[in-house]
Colleague: 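Pasting a structure below so you can have a look.
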Amino acid sequence: MTEQPSNTPFSDLIREIGLKKKRQANERLAELGMNAQQGQMIGYIAEHQENGLIQKDLAEHFNRKEASITSMLQGLERKGYIQRVIPKENERQKKIYLLEKAAVLVEEFNEIFADVEKSITDNLTAEEAETLMRLLSKVNSSL
């Protein structure tokens, strides 16, 4: 009986690229006392807080369990980056808002993530980058 490899070359490459991208972002965000997940979450909250963002929305967007989102939100709340508010119309769902301390960092986060994203396609032509995006989107939508 032949043992099957646990990963395919495609999944190895995709995982390695993701880890390198995350490491790049974490190195830059560490200077601000944050990591990539926290930075992405703060950016998402900034873009969507006016729509009454709740924890379930974050779990769906980041494809994570609500328990791990709870832990991240508690950490951001302790550091003074976010505030969770219980609305009068629905006391079971806390709305999530950025505090000023986080709001002033959003532009810097966006710049960091844009630089990391750009590094993925730096060695590609515009046509190659477009093809890569189209193919990865196609793969992602089929999963």
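What you see below is based on every heavy atom in this structure, not just the backbone, and it leaves out hydrogens, waters and symmetry mates.
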Colleague: Roughly how far, to the nearest 0.5 Å, is CD of Glu31 from CG of Asn26?
Modeller: 11.5 Å

Colleague: Crowded around Asn51 CG? As in, over 12 foreign heavy atoms under 6.0 Å?
Modeller: yes

Colleague: Are side-chain heavy atoms of Leu105 and Ile42 found at a separation under 4.5 Å?
Modeller: no

Colleague: Counting only heavy atoms not in Glu130, do more than 12 sit closer than 6.0 Å to its CD atom?
Modeller: no

Colleague: So how far is it from Lys138 NZ to Leu135 CG, rounded to the nearest 0.5 Å?
Modeller: 7.5 Å

Colleague: Ignoring hydrogens and geometry, is there a side-chain-to-backbone donor-acceptor pair from Thr125 to Glu128 under 3.5 Å?
Modeller: yes

Colleague: Check for a donor-acceptor pair, side chain of Ser68 on one end and backbone N or O of Arg64 on the other, with a separation under 3.5 Å.
Modeller: no

Colleague: Return yes if some donor-acceptor pair links the side-chain N/O of Asp57 with the main-chain N/O of Ile54 below 3.5 Å, else return no.
Modeller: yes

Colleague: Measure the NE2-CG distance between His61 and Leu53 for me, rounded to the nearest 0.5 Å.
Modeller: 10.0 Å

Colleague: Just by distance, do the side chain of Lys20 and the backbone of Arg15 share a donor-acceptor pair under 3.5 Å?
Modeller: no

Colleague: Salt bridge or not for Lys56 and Glu66, using N-O below 4.0 Å?
Modeller: no

Colleague: Please determine whether side-chain contact (heavy atoms from CB on, under 4.5 Å) holds for the pair Leu73 and Lys94, giving the CA-CA distance in whole Å, both sets of side-chain angles, and the decisive distance to 0.1 Å.
Modeller: CA-CA 11 Å; Leu73 291 175; Lys94 294 179 183 175; over 6 Å; no

Colleague: Mark yes when over 12 heavy atoms from residues, nucleotides or ligands other than Glu77 sit less than 6.0 Å from its CD; otherwise mark no.
Modeller: yes

Colleague: Quick check on the hydrophobic clustering: are Val104 and Met41 connected, directly or via other members, by side-chain heavy-atom contacts under 4.5 Å?
Modeller: yes

Colleague: So, does Gln49 use its side chain to make a donor-acceptor pair with the main chain of Leu98 at under 3.5 Å?
Modeller: yes

Colleague: Is a side-chain donor or acceptor of Asn35 paired with a backbone partner of Gln37 at a separation under 3.5 angstrom?
Modeller: yes

Colleague: Return the CD to CE distance between Gln38 and Met72, rounded to the nearest 0.5 Å.
Modeller: 5.5 Å

Colleague: Evaluate the side-chain proximity of Gln93 to Gln55: yes if any heavy-atom separation is below 4.5 Å, no if none is.
Modeller: no

Colleague: Same cluster for Ile17 and Met133 if Ile/Leu/Val/Met/Phe/Trp/Tyr side chains link at under 4.5 Å?
Modeller: no

Colleague: Do the side chains of Phe62 and Val106 join up, straight or via other hydrophobic residues, at under 4.5 Å, putting them in one cluster?
Modeller: yes

Colleague: Determine whether Leu58 and Ile86 fall in the same hydrophobic cluster, where Ile, Leu, Val, Met, Phe, Trp and Tyr are linked whenever their side-chain heavy atoms lie under 4.5 Å apart.
Modeller: no

Colleague: Are Asn140 and Leu136 side-chain neighbours, meaning at least one heavy-atom pair lies under 4.5 Å?
Modeller: no

Colleague: Treating Ile, Leu, Val, Met, Phe, Trp and Tyr as nodes and any side-chain heavy-atom pair under 4.5 angstrom as an edge, say whether Met34 and Tyr44 lie in one connected cluster.
Modeller: yes

Colleague: Atom CZ in Arg84, atom CG in Leu76: separation rounded to 0.5 Å?
Modeller: 9.5 Å

Colleague: For Leu32 and Phe109: C-alpha separation, side-chain torsions, deciding distance, then whether side-chain contact (heavy atoms from CB on, under 4.5 Å) applies.
Modeller: CA-CA 9 Å; Leu32 303 173; Phe109 292 158; 3.7 Å; yes

Colleague: Considering only heavy atoms from C-beta outward, does the side chain of Ser119 approach that of Gln24 to under 4.5 Å?
Modeller: yes

Colleague: Under the criterion side-chain contact (heavy atoms from CB on, under 4.5 Å), I'd like the reasoning laid out for Leu29 against Ile112: C-alpha separation, chi angles, the key distance, then a yes or no.
Modeller: CA-CA 8 Å; Leu29 288 165; Ile112 289 169; 3.7 Å; yes

Colleague: Would you indicate whether the side-chain heavy atoms of Glu117 and Lys21 approach each other to under 4.5 Å?
Modeller: yes

Colleague: Is Tyr81 close to Ile45 at the side-chain level, that is, under 4.5 Å between some pair of heavy atoms?
Modeller: no

Colleague: What's the spacing between Glu127 CD and Leu132 CG if we round to 0.5 Å?
Modeller: 12.5 Å

Colleague: How about Lys95: does its NZ atom have over 12 heavy atoms from other parts shown lying under 6.0 Å from it?
Modeller: yes

